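Working notes for the structure below.
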Amino acid sequence: MANASGSTAAKPSRRYALLIELALAVGGFAIGVGEFTIMGLMPNVAEALNISEPQVGNVISAYALGVVVGAPLIAVMGSHFYRRHLLLMLMAFFALGNIASAFAPDYHTLMVFRFISGLPHGAYFGVASLVAASLVPSHKRAQAVSRVMSGLTIAMLVGNPFATWLSQLLSWRLAFAMVGGIAILTVILVFIYLPLNRQEKRNSPAQELTALKRSQVWLTLGVGAIGFAGMFCVFSYLAPVLINVTQVSPYWIPVAQAAFGAGAIIGNIVGGKLYDRMQLKGVGWLLVWCIAILLLFPLAAQSLWSVLLICVAIGTMVSLSPALQTRLMDVAADAQTLAAASNHAAFNVANALGPWLGGIAIGAGFGWTITGYVGAATAAGGLIVFFFAYRQQQRHG
């Protein structure tokens, strides 16, 4: 019988499945460092390239835009590839994009290379999630997805703080070079551990596009694109908040990143378990939690210890990721590659929207901590979209 991944092959042993998940998680670690480290290096990049910090926010948004464009495009065009082959190509391309970013000579070139680096992000996570779901019983899919996503959260806990600290000592370019190296390691691990499944169901591009006809797919993507923007709004400007509001040394930035990463690991585990238990209702409760902690951020930013605690809490917003990823598998029917990849496109719409809205509010003179209130407003917007999705599901089953 076909499972959520669309594969009919027998499941591997638990030990071998964990090795596959580990290989895929290393790719998530590379993507996590590549996506988030620049947020901690915002003052360094701005000084090195002689640009403003909101312009560095545009570099972050360029990467996010690459994810938004690349995720659905690659998912559709690559739907006839075996998943093993597609994962290898995506991570090799990601490695090249980040190595090129390390050598970008100016602001505009860096913008282009960050856009290119973002193209394989969503498709990689989408395909990796489908592979993970195929390895376990159906009632444990969200937890399997969260294990693959653990690479992303471990990057937030360990990879980003380390890359930020090392880059502060040497050069911000080193962070992107490291990401390229980790991506090459992922290619090697996936090649070794993930076998080629020739019984795997593959779709045509036309079949994948049927996901776009499903209103629940669009509503789920809307929850992620709007509701998740608050986390990126706050996290993108965390470094200048620490320097200008909390008034601590820049060397506390990696510590705050690690606090955020600790919260992300907790949220990743909780999000998978909560969705396996509560399904769509769990998403609603997570959004309520997000609104509450974002409203507290401006107050907590006034002292070092409270800002570190709120960074842990904001990191738990990552709990939305495995929940929404598995939700898309549930509502996409036979077009799961596009739906699963589009989840990360939606999150990176949030990654573009959050820093952009935060930058507008900061530029208007509302201060650095306005990002908390802007973020709470976007999380509330995500909750409104959730209610539409929930009501439609109740009406139509």
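These numbers were taken from a predicted model, which means no experiment stands behind them. When a residue number appears, it is its place in the shown sequence, counting from 1.
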Main-chain N/O of Gln216 paired to Arg327 side chain as donor or acceptor, under 3.5 Å: no
- prompt: So, does Thr378 use its side chain to make a donor-acceptor pair with the main chain of Gly375 at under 3.5 Å?
  reply: yes
- prompt: Regarding Arg391 and the six-membered ring of Phe386, is the cationic atom NZ or CZ under 6.0 Å from the ring centre and inside 45° of its axis?
  reply: no
field: Side chain Arg83, main chain Val131, donor-acceptor under 3.5 Å
entry: no
message: With clusters defined by side-chain heavy atoms of hydrophobic residues (ILVMFWY) lying less than 4.5 Å apart, directly or transitively, does Met231 cluster with Ile370?
response: yes
query: Would a distance-only check, ignoring hydrogens and angles, find a side-chain to backbone donor-acceptor pair under 3.5 Å from Tyr237 to Pro355?
result: yes
task: Step by step, work out the side-chain hydrogen bond (donor to acceptor under 3.5 Å, both in side chains) result for Thr109 and Asp106.
output: CA-CA 6 Å; Thr109 308; Asp106 54 44; 2.6 Å; yes
message: Keeping Thr246 on the side-chain end and Ala301 on the backbone end, is there a donor-acceptor pair under 3.5 Å?
response: yes
query: Can you tell me if Tyr124 uses its side chain to pair, donor with acceptor, with the backbone of Leu24 under 3.5 Å?
result: yes
message: Taking side-chain hydrogen bond (donor to acceptor under 3.5 Å, both in side chains) as the cut-off, I'd like each qualifying pair that reaches into residues 180-189, sequence neighbours left out, listed once.
response: none
query: Should the pair Phe162 and Trp165 be assigned to parallel (<30°), tilted (30 to 60°) or perpendicular (>60°) ring geometry?
result: tilted
query: Is it true that atom CH2 of Trp368 has more than 12 heavy atoms of other residues, nucleotides or ligands lying nearer than 6.0 Å?
result: yes
- prompt: Taking only residues at least two apart or on different chains, which pairs with a member in residues 288-297 satisfy side-chain hydrogen bond (donor to acceptor under 3.5 Å, both in side chains)?
  reply: Trp289-Thr316
field: Sidechain-backbone polar pair: Asn244 side chain, Pro240 backbone, donor-acceptor under 3.5 Å
entry: yes
statement: So the ring-ring contact (aromatic ring centres under 6.0 Å, His included) pairs with at least one residue in residues 94-120 (sequence neighbours excluded) are none
message: Quick one: does any side-chain atom of Arg114 pair with a main-chain N or O of Ala62 as donor and acceptor, under 3.5 Å?
response: no
